[in-house]
Visitor: 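Input: one structure, supplied below.
Lettering of chains follows the sequences in order, A, B, ..., and the numbering in each one begins at 1.
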There are 2 protein chains.
Amino acid sequence: MAIGLKDSTIKVERPAKTLRELALDKVREAIDSGHFMPGDRLVERDLCAQLGVSRTIVREVLRHLESEGLVANLPNKGPIVARLDADEARQIYEIRGALEGMAARLCAERRDSTIVEALEGALDDIRHCYRKKDMPGVLASTSAFYQVLFSKVDRHVAWGIVNLLTVRINHLRSMTIKTDNRNVEGPAQMERIIEAIRRGDGEGAYRAAMDHVTSAAAIAEAVISAQSPAV
Amino acid sequence: MAIGLKDSTIKVERPAKTLRELALDKVREAIDSGHFMPGDRLVERDLCAQLGVSRTIVREVLRHLESEGLVANLPNKGPIVARLDADEARQIYEIRGALEGMAARLCAERRDSTIVEALEGALDDIRHCYRKKDMPGVLASTSAFYQVLFSKVDRHVAWGIVNLLTVRINHLRSMTIKTDNRNVEGPAQMERIIEAIRRGDGEGAYRAAMDHVTSAAAIAEAVISAQSPAV
DNA sequence: CACCATATTATGGCGTACCAAATACTTATC
DNA sequence: GATAAGTATTTGGTACGCCATAATATGGTG
């Protein structure tokens, strides 16, 4: 397992991550864990101190996050954690719907039983995490579910984009999965995706994947409008 | 004032671009103009000299391009201009199809006559550039056409992604538009998109946009397999 | 002559110090 | 009390230096 992308060799994934990559992960993690809230200023030298790295690194990390859309840069004022408004969130969910629907369709058309098995496995993980109330686990295994969808049909570019977008709505995701009934509705929708793929119904798989994202988006919309009554 | 991220106000776009942004544009331009070829090493200190900026800037630029996928970083060897293989190009065209199809559908469903007018205008530009054999102009006005598609339904996130992907296949694009008959086939396909939008046919607009990308992808595939007989 | 160990070089990774310009915050003066 | 002047704060940008590693050259030894 964990075949990765294309290396047939048995190389160690990350022999030595650079300090920059470590710092990047830390800051990203800090943002979507809520340690840095949207709108917070990210003062370079403060980050240097907190991360224990030089300004060079911090600047590169901030640029990277900026190009990912997690950080916004106010001219002559510096970087802040990007705010996510309802409209942007809506667009992100919409794009995910289009891409995940596409992947689901391709999976259905490929008629490969290992796809169904892998998806069932991921779905089991999700249900298991829900039962244990392991919410980070739910997020991770949900991502794993979709990763199967994309990687089984070798769509790593699309998967990269979905991942990029997902980071930006991560805090919304953690709220949507805690919603009443999402623990049964979510897996049920994913089961429908699997069903459509199993019977080779591309159109049905597309719609099922789309439905899943759409309902998540609806919950997210409710959440976002509840938490910011007045922008 | 300055509500935050999206300014619908009439602010001057770039009163003062930072040096870093200038350098970023320069390098990006150098890559897709072919000044730097895929596989070329991008030695930091050389770039400093060529651009006349400090290493800090160069590094930030390289990181940015890396996250855009235009530059790849070989561990312990440094950055090179990313190679684009046929499979990746195929995936990029596929994603563009999904997103542009989505935008076209939304345009059709909105039933706004100004959309049709704007698209006709852009298409006229394209035809005009073809007549003048102004190939960079064709590329630019084709982009403008699609930008209308996305911006008229306020999908700037999707537009951003399409743009990101487009940069990576830019040299392919410049070859596809030079293909025999593309100067009549391309505009004809775009006309069909407009027609579907005009009659409010969402599904038709989706398919027409998809067709246009698909045929471009087919040409690109031919080009890429012709220019690299053996990888 | 073949081969292995040791320099040298090129380059990325990382850090420090410094300057200039813009913004925000005080303070002093009238 | 309001305004002008001065002072931090912080980014944008530069210059330089150090270390680690990989590739290449060099040289010595059997």
Visitor: Hey, does the side chain of A/Glu44 reach the backbone of A/Pro79 with a donor-acceptor pair shorter than 3.5 angstrom?
Guide: no

Visitor: Among A/Arg20, A/Arg59, A/Arg55, which residue satisfies the salt bridge (charged side-chain N to carboxylate O under 4.0 Å, His left out) criterion with B/Glu60?
Guide: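 It is A/Arg59, the one option of A/Arg20, A/Arg59, A/Arg55 that forms the salt bridge (charged side-chain N to carboxylate O under 4.0 Å, His left out) with B/Glu60.
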
Visitor: Starting at CD of A/Glu44 and ending at C1' of D/dT11, how long is that distance when rounded to a whole Å?
Guide: 6 Å

Visitor: Tell me what B/Leu42 touches on the nucleic acid: a base, only sugar-phosphate, or nothing, going by heavy atoms under 4.0 Å.
Guide: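 The answer is sugar-phosphate, as B/Leu42 gets under 4.0 Å only of primed atoms, P, OP1 or OP2.
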
Visitor: Locate the shortest heavy-atom distance separating B/Leu172 from B/Val223; write the atom from each residue and the value.
Guide: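 Closest approach of B/Leu172 to B/Val223, heavy atoms only: CD2-CG1, 4.3 Å.
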
Visitor: It should be established whether B/Asn76 places a side-chain nitrogen or oxygen under 4.0 Å from OP1 or OP2 of nucleotide D/dA22.
Guide: yes

Visitor: Counting neighbours of CE on B/Met175 that are heavy atoms of other residues, nucleotides or ligands and sit closer than 6.0 Å, is the number greater than 12?
Guide: no

Visitor: Taking only side-chain nitrogens and oxygens of A/Arg63, does any of them come within less than 4.0 Å of OP1 or OP2 of D/dG12?
Guide: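 Answer yes for this pair, as a side-chain N or O of A/Arg63 is under 4.0 Å from OP1 or OP2.
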
Visitor: Roughly, in whole Å, what's the span from CG in A/Leu47 to P in D/dT10?
Guide: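 Result: 12 Å.
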
Visitor: Which is more 5' along DNA chain C, the nucleotide nearest A/Arg20 or the one nearest A/Pro75? Just name the residue.
Guide: A/Arg20

Visitor: Could you give the NZ-to-P distance, from B/Lys17 to D/dG12, as a whole number of Å?
Guide: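 That distance rounds to 15 Å.
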
Visitor: Closest heavy-atom contact between A/Phe145 and A/Leu123?
Guide: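 Scanning both residues, the minimum pair turns out to be CD1-N, 4.3 Å.
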
Visitor: Measure the distance from NZ on A/Lys77 to P on D/dT10 and round it to the nearest whole Å.
Guide: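 Atom NZ in A/Lys77 sits about 12 Å away from atom P in D/dT10.
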
Visitor: What's the CZ-C1' distance between A/Arg45 and D/dT9, to the nearest Å?
Guide: 9 Å

Visitor: Just by modelled atom types, is the B/Ile95 backbone N or O under 3.5 Å from a matching donor or acceptor in the A/Arg155 side chain?
Guide: no

Visitor: Reading DNA chain C 5' to 3', which nucleotide is the first, and which the last, to come under 4.0 Å of any heavy atom in chain B?
Guide: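 Reading along DNA chain C, I get C/dT11 to C/dC14.
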
Visitor: Looking at B/Glu66 and B/Arg63, does any basic side-chain N land under 4.0 Å from a carboxylate oxygen?
Guide: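 Judged by the 4.0 Å cut-off on N to carboxylate O distance, B/Glu66 and B/Arg63 do form a salt bridge.
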
Visitor: Heavy atom of residues 54-62 of chain B under 4.0 Å from DNA chain D: which residues?
Guide: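 Residues of residues 54-62 of chain B that come under 4.0 Å of DNA chain D are, in numerical order, B/Ser54, B/Arg55, B/Thr56, B/Ile57.
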
Visitor: Tell me if a side-chain donor or acceptor on B/Glu88 pairs with a main-chain N or O of A/His156 at a distance below 3.5 Å.
Guide: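 Judged by distance alone, no pair lies under 3.5 Å.
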
Visitor: Would you please test A/Arg182 and A/Ser215 for side-chain hydrogen bond (donor to acceptor under 3.5 Å, both in side chains) and show each step?
Guide: CA-CA 10 Å; A/Arg182 190 69 185 156; A/Ser215 79; 2.9 Å; yes

